[in-house]
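Here is the structure we will look at, set down as structure tokens.
Source: prediction; values computed, not measured.
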Amino acid sequence: MGQRIKIKALLESDETNIDVTVKGWVRTFRNNQFIALNDGSTNNNVQIVVDFENTDAALLKRITTGAALSVTGTVVPSLGKGQKIDIKAKEIEILGDSDPEKYPLQPKKHSLEFLREIAHLRFRTNTFGAIFRVRNSLSFAVHQFFQERGFVYLHTPVITASDAEGAGEAFKVTNLDLDNLPRTDSGEIDYKQDFFGKATNLTVSGQLEGELGAMALSDIYTFGPTFRAENSNTTRHLAEFWMIEPEMAFYDLDDNMDLAEALLKYVIKYALDKNREDIEFLSQRLQDEDKQKPQNERSEMTLLEKLEFCLENDFVRLTYTEAIDILKDSTPNKKKKFQYLVEGWGTDLQSEHERYLVEKHFKKPVILTDYPKEIKAFYMRQNEPDANGRETVRAMDILFPGIGEIVGGSQREERLDRLEKRMDEMGIPKEELWWYLDTRRFGACPHAGFGLGFERLVLFVTGMGNIRDVIPFPRFPKNAEF
């Protein structure tokens, strides 16, 4: 009995005339002689050569697309094109049959929409095999980056009573009987009778709790699921997604930008080194798709070029005010080509504006800073008003080609009086966030942090067009299958 080996390792080794066992699923079986077997460790299949004249006909009949096999045989140099080695089968065991009449994945190209409907089987296709191996590497690289820098990985709660963004689009968590809700005398739902004794929801961000950790451990990061009950059916939104949120004590905005740029470059480089083959496959897939599009919609860069572009260029840093001036004077704005015209200072930038700055104007990744106070969250540190009396905050957004914003962060407001005043202005109840305000009462210090939406990162590195294709089991309005 040969030693079991993963197909990726087998194809990377040059050893022949050894006996091995491989296990995997049949991709194709042709001429009753050649099995293409895949175990998910790589997109490349190993070819099994069957001595069909001396193999039971009933067994051959059961070797169908999707069936799981265990094959023991000798590794020999391949006589065919496209592969260096074959396995000459000595023993074939069928571990699981697959009815070819019913198996939905046939050896042909399937649409991504169709594959979303069978998300439980889509991992078996080359595209999704590549995507989820890349996702795995990016995830590992995120941890490695922070661990190498002495950060503490902190688990922040999934169930919380606070709404960090103030967006109010949270999923409620309750164990009250929905058919018989307890009411107060004034007719409102009586959450005192609920499991936690108060209204709770699924978290939209771990940031506020992350700040508490940073106020003792200096540098922390969270990496966990977050939830938004936004009824949004776009290619950029999910109801459940993963966020990476570092918080650092004694950091200012510049330190924050340096760290975020270093993180993005580190994880992209790691994926390129570790998953080159998968990324080359996805890059080719994109180029083939691009050929179907009209010339003006085609990408200027291949996926590999886009990733190298982010590694090779220092990110351009400019203020929101400078960006507005550039956008106002831009040709698409003057010719009214933007869907949302940039009227002037105070405009909330749309992704078309962000992409113009990155892809057309600077042709580099961009970090925008110092946004108007009015369009940003309450916890961002306020700048002194400028010469025109305009009020800004120490925010930063990192913009990438093809995707727009990938990171959002800020230096946090550490001055208690300023923070309380801002919360009053925005109608955020201070008594509910007493614990957050305590960090400003006892040993406050300058600190900063940011959020990186993990799926957006995976979307960027894989070149996929829809965020539902880079998370194993997407959750979106009217869909919670699997």
Kindly confirm or rule out a cation-pi arrangement of [X] over [Y], judged by NZ or CZ under 6.0 Å from the six-membered ring centre and within 45° of its axis?
{"X": "K198", "Y": "Y191", "result": "no"}
{"X": "R116", "Y": "F476", "result": "no"}
{"X": "R124", "Y": "F128", "result": "no"}

Scan K376, Q411, R381 and name whichever one has a side chain to side chain contact (heavy atoms under 4.5 Å, CB included) with V393.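 One option only clears the test, and that one is K376.
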What pair of heavy atoms forms the shortest contact from V342 to K328, and how long is it?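 V342 and K328 have their closest heavy atoms at O-CG, 3.6 Å.
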Measure across N256 and G409 and return the closest heavy-atom pair with its distance rounded to 0.1 Å.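 Reported closest heavy-atom pair: ND2-C, 4.3 Å.
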Given the side-chain rings of [X] and [Y], with only the six-membered ring counted for Trp, is the space between their centroids under 6.0 Å?
{"X": "H120", "Y": "F482", "answer": "yes"}
{"X": "F460", "Y": "F454", "answer": "no"}
{"X": "Y153", "Y": "F223", "answer": "no"}

Just say parallel, tilted or perpendicular for the rings of [X] and [Y], cut-offs at 30° and 60°.
{"X": "F338", "Y": "H353", "result": "perpendicular"}
{"X": "W345", "Y": "Y320", "result": "perpendicular"}
{"X": "F171", "Y": "F227", "result": "perpendicular"}

Quiz question: by atom type and distance under 3.5 Å, do the side chains of Q207 and Y379 form a donor-acceptor pair?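 Distance-only check passes for Q207 and Y379.
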For R317 and M257: C-alpha separation, side-chain torsions, deciding distance, then whether side chain to side chain contact (heavy atoms under 4.5 Å, CB included) applies. CA-CA 9 Å; R317 301 179 182 191; M257 292 191 276; 3.7 Å; yes
Sidechain-backbone polar pair: [X] side chain, [Y] backbone, donor-acceptor under 3.5 Å:
{"X": "S137", "Y": "K274", "answer": "no"}
{"X": "N201", "Y": "A170", "answer": "no"}
{"X": "E413", "Y": "R418", "answer": "no"}

Applying the ring pair (Phe, Tyr, Trp, His ring centres under 6.0 Å) test to F146, which of F151, Y266, F140 qualifies?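 Of all the options given, the one that passes is F151.
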Carboxylate-amine/guanidinium contact R394 D370, below 4.0 Å: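 A salt bridge links R394 with D370.
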Is the shortest distance from a Lys or Arg side-chain nitrogen in E352 or R355 to a carboxylate oxygen in the other one below 4.0 Å?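 Salt bridge: no.
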Report the C-alpha distance between D397 and Y371 in whole Å, list the side-chain angles of each, state the deciding distance to 0.1 Å, and finish with yes or no for side chain to side chain donor-acceptor pair (under 3.5 Å). CA-CA 9 Å; D397 285 351; Y371 281 78; 3.1 Å; yes
Among R440, R441, R415, find the one that has a salt bridge (Lys or Arg N to Asp or Glu O under 4.0 Å) with E420.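 Looking at R440, R441, R415, the match for E420 under the salt bridge (Lys or Arg N to Asp or Glu O under 4.0 Å) is R441.
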How far apart are the C-alpha atoms of S283 and R285, what are their side-chain angles, what is the distance that settles it, and do they pass the side chain to side chain donor-acceptor pair (under 3.5 Å) test? CA-CA 5 Å; S283 189; R285 186 191 157 278; over 6 Å; no
Could you check T222 against I244 for side chain to side chain contact (heavy atoms under 4.5 Å, CB included), going step by step and ending with a plain yes or no? CA-CA 6 Å; T222 76; I244 297 145; over 6 Å; no
